[in-house]
Number of protein chains: 2
Amino acid sequence: MAYPKKYIDKLRKSGLRPTKQRIKICEVLFDADQTFHFTIKELVRIIENQANIKVSLATVYNTVHAFIKKGYLKEIPLNASQSYYDTNISHHHHFFDEEENRLIDIHQDDVDEVNIKRTIPGKKIKSVEVIAKIVSDNQSQK
Amino acid sequence: MAYPKKYIDKLRKSGLRPTKQRIKICEVLFDADQTFHFTIKELVRIIENQANIKVSLATVYNTVHAFIKKGYLKEIPLNASQSYYDTNISHHHHFFDEEENRLIDIHQDDVDEVNIKRTIPGKKIKSVEVIAKIVSDNQSQK
DNA sequence: TCAACAGTTTAGAATAAATATAATGTATTA
DNA sequence: TAATACATTATATTTATTCTAAACTGTTGA
Ligand SMILES: [Mn+2]
Ligand SMILES: [Mn+2]
Ligand SMILES: [Zn+2]
Ligand SMILES: [Zn+2]
């Protein structure tokens, strides 16, 4: 009881009742100073470190997917065998550091609008995302 | 014996000996009229339909990865839990049809060069890929 | 020619992410 | 409070991918 109203609202709008476990998930995801990228395993670890609450994997998966469906989280496509999630839901792009396996945001303002000249009959573009893979810049190469 | 020289070369350059199974994989991948996108399971199915050769999953995975490492195939990042591979190794982009789970090539010429104004110290951009998600264009909406 | 060897294929086991299940627990409401 | 709906959880299942180890094959050189 006495859960933050903003999280109760987010959960209700996602079709979920506000429970202790889900409120905790909200706190970790949406109380952070900065947006961040995470895997489900990382999220579970953060929750367990920050609180004495035990949350099952199933609850975390279900809650995260409800938020994605509602648009409160984004899923980031990577060629890894694991899903990355993003608390930054603004339209933006990413660097992916292949050496450190790390996603870095690129603000929409930092990329000129991507102009695609080709169209597919009967289809419309829902979203456009740019992924720029980066690696160490070894300038010592001859 | 009497395997096509081009495939023997591709395999040797990938550090693999030309064997019956690997030549068959090459034929399916590189003899096609058009480049195409595939999953490992689809590739296995194609091989089994086209030939009376049995090829194990392990051999297919190993060969595909050797080709990726050498640059003869590309892996396409999608948010699915499955890897997609591409026999089109030119620099290009993709539509992803979320309703039909289908990748469609966008030639590099059909996308203005993506200009990223932000840089990461010590890192350089290795590749830039655009993925545009498309859905049915229901013009009947009011 | 043929034994030795290096490399290959394969079935099946292992791994790990994601999802489903079903029993138990909790909140809501009449 | 009692009935009901919804949640949580441990556990099982599914599935893509990788690993393992045994059997197989092609090559080499005595
Ligand atoms: Mn998902
Ligand atoms: Mn997996
Ligand atoms: Zn992001
Ligand atoms: Zn392609």
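Letters A, B, ... are given to chains in the order of the sequence lines, protein chains preceding strands, and every chain is numbered from 1. What you see is a predicted model; the values in this text were computed from it and never measured.
B:E129 has no carboxylate O lying under 4.0 Å from a charged side-chain N of A:K133, or vice versa, which leaves the two without a salt bridge. Under a 4.0 Å N-O distance rule, the pair B:E98/A:K123 does not qualify as a salt bridge.
In summary, the side chains of A:E99 and A:S136 do present a donor paired with an acceptor at a separation below 3.5 Å, with no hydrogens or angles considered. A donor and an acceptor atom, one from each side chain of A:H37 and A:N88, are nowhere located under 3.5 Å apart.
Atom-to-atom, CD1 of B:I23 to P of C:dT9 comes out at 11 Å; the value is rounded to the nearest Å. Atom-to-atom, NZ of B:K41 to C1' of D:dT18 comes out at 17 Å; the value is rounded to the nearest Å. Between the P atom of D:dA16 and the CZ atom of B:F38 lies a distance of 15 Å, rounded to the nearest Å. What separates CD1 of B:I40 from P of D:dT17 is a distance of 7 Å, to the nearest Å. B:L78 has its CG atom 15 Å from the P atom of D:dA16, to the nearest Å. The CD1-C1' distance, from B:I8 to C:dT8, rounds to 16 Å in whole Å. Here D:dT15 presents its P atom at 16 Å from CD of B:E42, a figure rounded to the nearest Å.
Taking 4.0 angstrom as the limit, A:S83 places a side-chain polar atom (N or O) nearer than this to OP1 or OP2 of C:dA18. Residue A:H65 places no side-chain N or O under 4.0 Å from the OP1 or OP2 atom of C:dA18. Note on A:Y61: every side-chain N or O is 4.0 Å or more away from OP1 and OP2 of C:dT19.
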>> Generate the contact string for nucleotides 6-14 of chain D. Rules: B means base contact, S means sugar-phosphate contact only, - means no protein heavy atom under 4.0 Å.
In response: SSSBB----
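With sequence neighbours left out, B:K10 forms a salt bridge (charged side-chain N to carboxylate O under 4.0 Å, His left out) with no residue at all.
No donor-acceptor pair under 3.5 Å is formed between the side chain of A:T59 and the backbone N or O of A:V55.
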